[in-house]
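Note sheet for the following structure.
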Amino acid sequence: MYDLTGKKVWVAGHRGMVGSALVRRLASEACTVLTADRGRVDLRDAAAVSAFVAAEKPDAVIIAAAKVGGILANDSYPVDFLYQNLMIEANIFHAAHESGVGKLLFLGSSCIYPKFAEQPIREDSLLTGPLEPTNEWYAIAKIAGIKLGQAHRKQYGDDYISAMPTNLYGPGDNFNLNSSHVVPAIIRKAHEAKTSGARELVVWGTGTPRREFLHCDDCADALVFLLKNYSGYEHVNVGCGEDLTILDLTRMICRVVGFEGEIVHDLSKPDGTPRKLMSVDKLFGMGWRPRIELEAGLAGAYDWFLTHHAADAA
Ligand code: GFB
């Protein structure tokens with residue numbers, strides 16, 4: 001439905017884990033990829049964003065730029081997660097319409113759904129119940145982004161769509177233990193425990209919550225698939241359709257890293273949402289499938305960590 005041939009596609013947030021995966025994926029399309037470093041345009045500055053888009057005139061935009069983080073970061077910095085994400089999305093949506101961008105893909109997250117949504121979570125569960133308190137700030141910003149896209153379609157007929165990825169991991173992830181998500185955190189902790197000869201590895205919370213994990217390269221492939229093939233009012237869940245407990249994930253990562261010590265629990269840290277497995281019926285119904293199995297994906301993420309971060313962690 002949307003031909004990328006000869007198009008200029010702006011990947012906002014190209015240096016992030018998803019943004020860099022999108023740049024890798026788009027390299028195999030016959031399009032031009034536009035990127036801009038923070039020094040060139042501050043996405044929280046409306047005038048700067050409008051000037052950049054008016055000058056560069058992209059045909060399509062993917063909003064992969066966001067203030068992101070794990071459960072502790074979200075719970076600790078609500079203003080940052082709400083304000084920065086609202087500003088980034090509002091500025092890019094506005095500038096895109098002003099400059100006549102033909103296709104826009106907005107990225108949200110599975111945390112937009114109610115804490116106790118029926119599982120697997122269908123797209124129409126949105127706004128049917130209270131949010132998870134640890135990340136409601138980020139969730140509200142992302143829900144506002146979905147609504148902005150729908151408003152542009154309703155008022156102007158803009159072909160702006162939204163995708164809601166599940167928990168992601170892979171190359172380019174954030175391995176800072178205070179702000180990261182669970183996969184990079186456990187990879188780093190298992191590596192440091194192994195190399196230091198520690199007997200224990202600390203996992204936050206009870207380990208009983210369940211999470212669905214998708215490799216960032218599979219996510220990027222799904223996003224390009226939607227950019228080319230989807231043009232609808234409702235957002236689309238992007239996941240793999242399977243989940244596991246945090247404890248089983250930790251055991252899998254320990255096997256991959258080669259740490260054989262004990263897993264202990266820090267119950268002073270929050271569990272967050274008990275489960276957030278999303279229904280992928282809509283996306284799979286369009287013909288897309290993920291390709292990267294979790295254990296193999298984790299091994300690749302550990303290799304990337306060893307190449308890029310092990311020196312910091314030593
Ligand atoms: O990945 P995570 O931080 O984010 O936590 P959420 C997932 C689960 O892993 C939680 C547990 O139950 C954590 O308590 N966990 C165990 C750990 N050990 C660790 C650790 O060392 N670090 C971290 N970070 N978690 C995020 C939202 O929620 O999901 C974001 O806060 C976003 O906004 C993202 O939506 C996709 O999955 O709980």
Side-chain angles (χ1 to χ4, degrees), residues 16-18 64 66-78 80-82 84-86 107-117 119 121 126 131-146 163-170 173-193 200-216 219 235 237-240 243-254 257 259 263-278 294 298 301 305 313:
M17 176 170 69
V18 176
K67 167 70 177 174
V68 296
I71 189 168
L72 191 60
N74 270 266
D75 199 29
S76 307
Y77 305 104
D80 298 353
F81 281 87
L82 183 51
Q84 293 191 34
N85 287 305
L86 281 177
L107 283 195
S109 165
S110 56
C111 72
I112 63 169
Y113 292 112
K115 176 164 188 165
F116 299 109
Q119 313 274 328
I121 307 172
L126 184 62
L131 296 168
E132 155 60 35
T134 56
N135 56 35
E136 62 179 325
W137 327 98
Y138 180 72
I140 288 290
K142 289 303 182 177
I143 291 168
I146 292 171
M164 297 300 120
T166 189
N167 289 50
L168 303 175
Y169 72 96
D173 210 339
N174 165 18
F175 287 86
N176 175 308
L177 295 182
N178 295 315
S179 58
S180 71
H181 290 96
V182 61
V183 166
I186 303 297
I187 285 176
R188 177 166 185 166
K189 290 197 262 191
H191 173 79
E192 290 176 348
E200 292 180 349
L201 180 151
V202 177
V203 167
W204 291 354
T206 63
T208 58
R210 300 182 68 90
R211 290 292 184 273
E212 176 187 15
F213 296 100
L214 186 70
H215 191 283
C216 59
C219 180
H235 58 286
N237 290 341
V238 175
C240 64
D243 66 356
L244 75 170
T245 65
I246 294 304
L247 186 54
D248 285 342
L249 169 77
T250 302
R251 288 180 178 133
M252 189 182 283
I253 292 174
C254 288
V257 170
F259 173 68
I263 296 169
V264 297
H265 295 272
D266 173 0
L267 298 179
S268 74
K269 296 290 190 308
D271 271 345
T273 304
R275 189 181 193 200
K276 49 181 181 178
L277 173 68
M278 294 193 300
L294 182 56
L298 291 171
F305 170 76

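All ligand and atom numbering here is 1-based and tracks the order in the structure. Numbers for residues simply follow the sequence, beginning at 1.
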Which one of D248, T245, D243, T273 satisfies the side-chain hydrogen bond (donor to acceptor under 3.5 Å, both in side chains) criterion with R210?
D243
Salt bridge (Lys or Arg N to Asp or Glu O under 4.0 Å) partners of K115, counting only residues at least two apart
E132
What's the separation between atom SG in C254 and atom CD1 in I187, rounded to the nearest 0.5 Å?
10.5 Å
Sorted by chain and number, the residues that approach ligand 1 to under 4.0 Å with a heavy atom:
G69, G70, I71, N74, S109, C111, N135, Y138, N167, S180, H181, V182, A185, I186, K189, V203, W204, P209, R211, I246, P270, D271, K276
Strictly distance-based, threshold 3.5 Å: is any side-chain N or O of H265 a donor or acceptor partner for the main-chain N or O of G205?
yes
In terms of the angle between their ring planes, are F175 and F305 parallel, tilted or perpendicular, with boundaries placed at 30° and 60°?
tilted
Which class fits the ring pair Y169 and H215: parallel under 30°, tilted 30 to 60°, perpendicular over 60°?
perpendicular
